[in-house]
Amino acid sequence: MSYHKELAAAKKAASLAARLCQNVQKALLQSDVQSKTDKTPVTVADYGSQALVSFVLQQELHAEFSLVAEEDSKDLRKDGAQEIVERITKLVNNSLTSDGSYNVTLSTEDVLKAIDSGISEGGCQGRHWVLDPIDGTKGFLRGDQYAIALALLDGGKVVLGVLACPNLPLTSLEDAGQHSPNNEVGCLFFAEVGGGTYMQPLDGSSAVKVQVSAVENPEEASFFESYEAAHSMHDLSSLIAQKLGVKAPPVRIDSQAKYGALSRGDGAIYLRFPHKGYREKIWDHAAGCIVVTEAGGVVTDAAGQPLDFSKGKHLDVDTGIIVTNQKLMPLLLNAVKESLKEKAPSS
């Protein structure tokens with residue numbers, strides 16, 4: 001089954017949302033960061049990105065539409081939020097005008113409705129789009145890495161994924177570091193089931209097929225982990241790396257930009273071990289997962305099981321998520337098991 005039409009719509013939606021986010025990041029104003037109840041900074045760009053992706057997908061596809069997404073408009077409908085809502089609406093309309101495909105001006109209510117179309121629960125029946133409008137809000141606020149992550153589930157399986165990474169250098173992170181003055185930044189990764197993974201500059205020029213690293217010797221492998229220690233247990237990752245014999249220090253970056261970088265061979269391993277009690281959400285991994293697997297990589301939980309996106313908004317994984325190439329995976333799983341055994345409190 002081909003998903004070409006859906007992939008084209010997803011690329012367009014994510015690219016437009018990326019442009020909106022770039023404009024906001026350039027002029028990050030104090031009033032733009034609200035605190036959500038869980039204290040995750042949520043920005044005007046987060047809501048604007050979700051509204052834009054929702055609107056573009058519905059315009060392009062005219063099909064029955066289901067979107068599982070991170071945000072809703074509850075906080076925006078409260079007293080005192082009017083100014084922020086107007087700002088989001090203006091941003092969305094400016095993005096639509098600059099694109100030129102849609103001769104339309106959205107009202108604030110249109111924008112709130114577009115944000116709220118992301119209330120689907122997902123599941124194993126039918127098709128559901130899965131969106132994280134800004135994955136890595138803390139990176140976004142810091143001026144570092146973030147991603148617009150969009151995937152399509154069909155019958156509970158991820159069938160396509162798009163990652164727009166506005167601050168990711170077009171050349172390898174190993175050459176460029178996270179900030180390189182001469183290097184162009186802004187990558188769009190996209191993958192369709194059975195079709196491989198491609199990367200192109202966000203400005204839309206030609207795409208190249210990418211492959212994960214072919215490194216077989218763990219000593220030559222480098223690994224990615226979350227920038228924020230709150231998001232992943234860095235001490236466990238370093239124990240695993242030590243057991244594998246990894247020599248290079250970890251590359252810490254925010255968001256699913258890690259999956260994109262891994263898909264083109266920037267590093268060979270990504271380790272994510274959230275603190276106890278945290279439940280993974282599908283929008284944090286769906287797009288990244290297919291981008292890596294279609295580039296020849298493997299994504300599993302700590303027990304070696306594939307990720308199951310068919311159970312609604314949450315991903316129930318054993319302990320953590322590990323990503324690497326097919327050659328390194330058996331060694332990595334072994335190091336993970338040994339490290340978890342060592343870390344477990346003796347009964």
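Quantities reported herein were computed from a predicted structural model and do not represent experimental measurements.
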Nearest non-hydrogen partners of Glu71 and Pro133, listed with the distance: CG-CG, 4.0 Å
Go through the steps for Thr293 and Val298 under the test side chain to side chain contact (heavy atoms under 4.5 Å, CB included), then give the verdict. CA-CA 6 Å; Thr293 52; Val298 193; over 6 Å; no
According to salt bridge (Lys or Arg N to Asp or Glu O under 4.0 Å), does anything in residues 292-310 pair up with another residue at least two apart or in another chain? List the pairs. Asp308-Lys311
Residues 88-98 vs salt bridge (Lys or Arg N to Asp or Glu O under 4.0 Å), sequence neighbours excluded, gives none
Quick one: CD1 on Ile115 to CZ on Phe55, what's the gap to the nearest 0.5 Å? 13.5 Å
Show me the donor-acceptor pairs within less than 3.5 Å that the side chains of residues 327-342 make with the rest of the protein, sequence neighbours left out.
unit_1, atom_1, unit_2, atom_2, d
Ser339, OG, Ala335, O, 2.7
Glu342, OE2, Lys243, NZ, 2.5

Measure the shortest side-chain to side-chain distance between Phe273 and Ile322 over non-hydrogen atoms and say whether it is less than 4.5 angstrom. yes
In sequence, state the C-alpha distance, the side-chain angles, and the governing distance for Ile290 and Val193, and then conclude on side chain to side chain contact (heavy atoms under 4.5 Å, CB included). CA-CA 7 Å; Ile290 192 168; Val193 67; 4.3 Å; yes
With no hydrogens and no angle check, is any side-chain donor or acceptor of Gln211 less than 3.5 Å from a backbone partner on Ala295? yes
Can you find a pair of side-chain heavy atoms, one from Leu141 and one from Thr43, that are under 4.5 Å apart? yes
Does Lys11 count as lying over the ring of Phe190, i.e. NZ or CZ under 6.0 Å from the six-ring centre, within 45 degrees of the axis? yes
Tell me, please, which residues at least two apart from Glu60 pass salt bridge (Lys or Arg N to Asp or Glu O under 4.0 Å). Lys12
In Å and rounded to the nearest 0.5 Å, what is the CD1 to CG distance from Ile148 to Leu131? 9.0 Å
Can you tell if the side chain of Pro201 reaches within under 4.5 Å of the side chain of Glu184, non-hydrogen atoms only? no
Is any side-chain heavy atom of Leu168 closer than 4.5 Å to one of Cys187? yes
Of all pairs that satisfy salt bridge (Lys or Arg N to Asp or Glu O under 4.0 Å), the ones with a partner from residues 147-158, not counting sequence neighbours: Arg127-Asp154
Return the set of residues passing ring pair (Phe, Tyr, Trp, His ring centres under 6.0 Å) with Phe189 (not counting sequence neighbours), or none when no residue passes. none
side-chain hydrogen bond (donor to acceptor under 3.5 Å, both in side chains) pairs touching residues 110-119, sequence neighbours excluded, are Ser54-Ser117, Ser73-Asp116, Ser107-Asp110
What's the verdict on side chain to side chain contact (heavy atoms under 4.5 Å, CB included) for Leu52 and Leu96, showing C-alpha distance, side-chain angles and the deciding distance? CA-CA 8 Å; Leu52 209 45; Leu96 293 173; 3.7 Å; yes
Side-chain polar contacts of residues 202-210 - donor-acceptor pairs under 3.5 angstrom, sequence neighbours left out - could you list them?
unit_1, atom_1, unit_2, atom_2, d
Asp203, OD1, Ser205, N, 3.1
Asp203, OD1, Ser205, OG, 3.0

Measure from the side-chain N and O atoms of Ser49 to the backbone N and O of Asp46, and report whether any donor-acceptor pair falls under 3.5 Å. no
Are any side-chain N or O atoms of Gln145 and backbone N or O atoms of Asn167, one a donor and one an acceptor, separated by less than 3.5 Å? yes
Test your reading of the model: is there a side-chain donor-acceptor pair from His234 to the backbone of Ser226, 3.5 Å cut-off? yes
Interatomic spacing from CG in Asp284 to CD in Glu70 - rounded to 0.5 Å: 6.5 Å
Do Ser237 and Glu225 meet the criterion of a side-chain donor-acceptor pair at a distance under 3.5 Å? yes
How many angstroms lie between CZ in Phe223 and CG in Leu244, if you round to the nearest 0.5 Å? 9.0 Å
Quick one, Gln256 with Asp135, criterion side-chain hydrogen bond (donor to acceptor under 3.5 Å, both in side chains). Give me CA distance, side-chain angles, the key distance, then yes/no. CA-CA 7 Å; Gln256 287 175 74; Asp135 183 31; 3.1 Å; yes
Is there side-chain contact between Thr324 and Tyr270, with at least one heavy-atom pair below 4.5 Å? no
For the residue pair Phe140 and Cys21, what are the closest heavy atoms and their distance? CE1-O, 3.5 Å
Single-linkage hydrophobic cluster Leu239~Val323, side-chain heavy atoms < 4.5 angstrom: no
Atom of Lys78, atom of Asp75 and distance for their closest heavy-atom approach: NZ-OD1, 3.0 Å
Salt bridge or not for Asp132 and Lys281, using N-O below 4.0 Å? no
Test item: Thr197 side-chain N/O and Val291 main-chain N/O as donor-acceptor pair under 3.5 Å: yes
Residue pairs involving residues 297-329 (criterion ring-ring contact (aromatic ring centres under 6.0 Å, His included); sequence neighbours excluded): none
To the nearest 0.5 Å, atom SG of Cys165 lies from atom NZ of Lys258 at 10.5 Å
Is Leu16 reachable from Val104 through a run of hydrophobic residues whose side-chain heavy atoms are each under 4.5 Å from the next? yes
Mind running side chain to side chain contact (heavy atoms under 4.5 Å, CB included) on Leu188 and Ser15 for me, showing each step along the way? CA-CA 8 Å; Leu188 185 73; Ser15 301; 3.7 Å; yes
Smallest separation among heavy atoms of Leu7 and Ala191, with atom names: CD1-O, 4.2 Å
So, using salt bridge (Lys or Arg N to Asp or Glu O under 4.0 Å) as the criterion, who are the partners of Lys74 when residues are at least two apart? none
Any donor-acceptor N/O pair, Asn325 side chain to Gly297 backbone, under 3.5 Å: no
By salt bridge (Lys or Arg N to Asp or Glu O under 4.0 Å) - contacts of Glu86 (at least two apart): none
Determine whether Ile88 and Val92 make a side-chain contact, defined as any pair of heavy atoms from C-beta on separated by less than 4.5 Å. yes
Counting C-beta onward and ignoring hydrogens, is there a side-chain heavy-atom pair between Val317 and Glu280 closer than 4.5 Å? yes
Of all heavy-atom pairs between Val185 and Pro166, which one has the smallest distance, and what is that distance? CG2-O, 3.6 Å
Nearest heavy-atom approach of Ser120 to His128 is OG-ND1, 3.5 Å
Using the salt bridge (Lys or Arg N to Asp or Glu O under 4.0 Å) criterion, which residues pair with Asp72? Sequence neighbours excluded. none
Tyr102 OH to Thr97 OG1 distance, which is reported to the nearest 0.5 Å: 12.5 Å
Report yes if some heavy atom in the side chain of Phe65 is under 4.5 Å from a heavy atom in the side chain of Trp129; otherwise report no. yes
Could you tell me whether Arg142 sits above the aromatic face of Tyr227, with NZ or CZ closer than 6.0 angstrom to the six-membered ring centre and within 45 degrees of the axis? yes
